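Residue numbers start from 1 in every chain, and the chains themselves are labelled A, B, ... in the order their sequence lines are given, proteins ahead of strands. Computed from a predicted model, the values in this text were never measured in an experiment.
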Protein chains: 2
Amino acid sequence: MPKPDNSPLPGKPASLRTRDRILATSLALFNADGVAKVSASRIAAELGMSQGNLHYHFRRKEEIVDRLVRRYEQEAGPVLAGPTSELASVDDLWLFLHLGFEKIFEYRFIYREIDYLTTEFPSLGARMRELTAQGIETLKRLCTQLAAAGCLRASEEEIAVLALQMILTATCWFTFARLLPETEDTGPGRAAYQVLSLLVPFLADNERTYVEYLRRKYRA
Amino acid sequence: MPKPDNSPLPGKPASLRTRDRILATSLALFNADGVAKVSASRIAAELGMSQGNLHYHFRRKEEIVDRLVRRYEQEAGPVLAGPTSELASVDDLWLFLHLGFEKIFEYRFIYREIDYLTTEFPSLGARMRELTAQGIETLKRLCTQLAAAGCLRASEEEIAVLALQMILTATCWFTFARLLPETEDTGPGRAAYQVLSLLVPFLADNERTYVEYLRRKYRA
DNA sequence: GTCTATATGCGGATAGAC
DNA sequence: GTCTATCCGCATATAGAC
């Protein structure tokens with residue numbers, strides 16, 4: 001068995017790199033089996049590392065989870081803030097949704113066990129509520145932009161219901177997907193299509209061609 | 001402290017009644033704090049009973065969960081099968097949705113930790129998938145009935161997306177609700193309104209008055 | 001930084017008296 | 001049916017050698 005290279009890199013001491021390896025492996029295991037089922041010893045074993053060493057880097061499992069969630073918040077933040085330029089067409093929205101679902105998929109352990117995590121680690125609750133509220137506001141804003149651009153025809157009330165529904169779907173899609181037959185495509189693209197299709201009845205006729213294209217792609 | 005009355009009732013031996021008390025208390029605790037956080041000793045303590053006695057009635061915690069889920073399946077089955085008579089208006093659908101959400105709310109621990117439960121107790125996975133598939137089929141059928149009755153105008157493809165979205169919402173609503181501000185009404189009625197509002201753009205004009213009434217009720 | 005060895009505590013599960 | 005007492009196993013957490 002080759003010994004892992006822990007020699008310090010310029011500006012990157014071995015300890016930092018070990019921390020990153022721990023986080024990467026933990027993320028993969030959490031996504032695969034869930035936080036509840038993945039013990040600290042399991043993580044250490046997967047890394048070929050002793051529990052003692054793991055504990056040297058992260059005193060408690062909660063710290064690993066917390067670190068990963070903070071990373072998610074940082075990476076999702078810019079996506080969640082929405083595009084800087086105004087949306088002018090439905091495929092702009094499509095791109096936004098696709099990026100969002102890819103990020104959620106990358107950290108899918110968070111939403112898959114959201115209830116367990118927020119009761120096990122209460123500090124997470126408030127932060128996830130904040131993210132949710134931000135998502136709703138962004139979606140409302142984007143829909144309002146589309147309405148202004150003449151792509152979409154909906155009242156303020158309709159947009160509010162729609163935005164909530166979109167965030168609900170984004171939040172729960174990968175959890176719900178596990179209740180569908182395994183033959184179904186449930187990846188990020190399919191998820192984005194599902195969300196986009198909520199808008200269809202409100203779209204201007206000429207904006208529907210793009211959605212038609214996506215339909216053929218994801219419900220073939 | 002008064003001693004609990006465990007004297008046998010006609011046709012109801014004390015053991016049965018104790019089983020029921022255990023199930024009732026477990027359900028309440030699971031709904032409140034989640035299956036993962038509620039230990040067998042906690043259940044026993046709540047009932048003023050020893051762990052040994054609890055174990056006499058249910059050898060493993062999994063058996064309690066399993067029993068409760070089976071009860072849910074039995075009670076949800078008739079609801080999920082849908083009304084026996086054809087739907088003729090949107091308020092028929094409203095009643096169906098409301099009954100469904102009340103049942104889900106009663107057993108909300110199941111969906112709130114669905115991912116945790118299906119990995120911890122794999123036998124649950126297949127059964128929940130079955131229920132989900134059944135729900136989708138029923139919703140498709142009901143929408144098709146409404147379309148036939150002239151209340152709703154949607155293609156088969158649109159109905160498919162819609163049914164999936166409705167079941168997703170039913171499945172995840174009470175989980176998602178915990179990410180909303182606590183000031184929001186997120187009860188079964190509000191949930192049913194949210195699902196119904198997915199249909200609005202497809203409804204015939206004269207069917208929207210009922211939804212308008214609900215809107216005033218739940219988004220006041 | 002990394003290891004081995006060990007302490008601590010809890011939840012699940014059991015045995016046997018009453 | 002119900003209790004007390006106890007065991008097992010796992011996960012978290014720590015101590016101290018290298």
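If you check D:dC3, D:dA11, C:dT4 against the side chain of A:S41, the one that comes closest is D:dA11.
For the atom pair B:M128 CE and B:D115 CG, the distance stands at 12.0 Å (nearest 0.5 Å). Here the CD-OG1 distance, from B:E86 to B:T144, works out to 10.0 Å after rounding to the nearest 0.5 Å. The structure places CD1 of B:I159 at 12.5 Å from CZ of B:R141, a figure rounded to the nearest 0.5 Å. Of the inter-residue distances, the one linking B:R190 atom CZ with B:Y218 atom OH reads 10.0 Å to the nearest 0.5 angstrom.
Less than 4.0 Å separates DNA chain D from at least one heavy atom of each of the following residues of residues 28-40 of chain A: A:S39, A:A40. Only at 4.0 angstrom or more do the heavy atoms of residues 113-124 of chain A sit from any atom of DNA chain C, so none qualifies.
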### Task
For each nucleotide in nucleotides 13-18 of chain D, reading 5' to 3', give B when a protein heavy atom comes within less than 4.0 Å of its base, S when such contact involves only the sugar-phosphate, and - otherwise.
BB----

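In this structure, the CG atom of A:L54 is 14 Å from the P atom of C:dT4, given to the nearest Å. Atoms OH (B:Y56) and P (C:dA15) sit 15 Å apart, rounded to a whole Å. Counting to the nearest Å, the C1' atom of C:dA5 and the CG atom of A:N53 are 15 Å from each other. D:dA11 atom C1' lies 13 Å from atom CD1 of A:I64, rounded to whole Å.
Residues forming a side-chain hydrogen bond (donor to acceptor under 3.5 Å, both in side chains) with A:Y193 (at least two apart in sequence, or on another chain): A:R215, B:E157.
Each side chain to side chain donor-acceptor pair (under 3.5 Å) pair with one or both residues in residues 127-137 of chain B, not counting sequence neighbours, appears once here: B:D66-B:R127, B:E73-B:R127.
In this structure the side chain of A:P83 never reaches within 4.5 angstrom of the side chain of A:D92, judged on heavy atoms.
A side-chain donor-acceptor contact under 3.5 Å links A:E102 and A:H98.
Cation-pi geometry between B:R112 and B:F109 is not met at under 6.0 angstrom from the ring centre and within 45 degrees of the axis.
Results of the ring-ring contact (aromatic ring centres under 6.0 Å, His included) test with B:Y72 over B:F30, B:F105, B:Y107 single out B:Y107 as the only residue that passes.
Between B:T18 and D:dT2 there is a side-chain N or O to OP1 or OP2 distance below 4.0 Å.
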Donor-acceptor contacts, no H, no angles, side chain residues 163-174 of chain A, under 3.5 Å, sequence neighbours left out:
{"residue": "A:Q165", "atom": "OE1", "partner": "B:Q194", "partner atom": "NE2", "Å": "2.8"}
{"residue": "A:Q165", "atom": "NE2", "partner": "B:T169", "partner atom": "OG1", "Å": "2.7"}
{"residue": "A:T169", "atom": "OG1", "partner": "A:Q165", "partner atom": "O", "Å": "2.8"}
{"residue": "A:T169", "atom": "OG1", "partner": "B:Q165", "partner atom": "NE2", "Å": "2.7"}
{"residue": "A:T171", "atom": "OG1", "partner": "A:I167", "partner atom": "O", "Å": "2.7"}
{"residue": "A:W173", "atom": "NE1", "partner": "A:T186", "partner atom": "O", "Å": "3.0"}

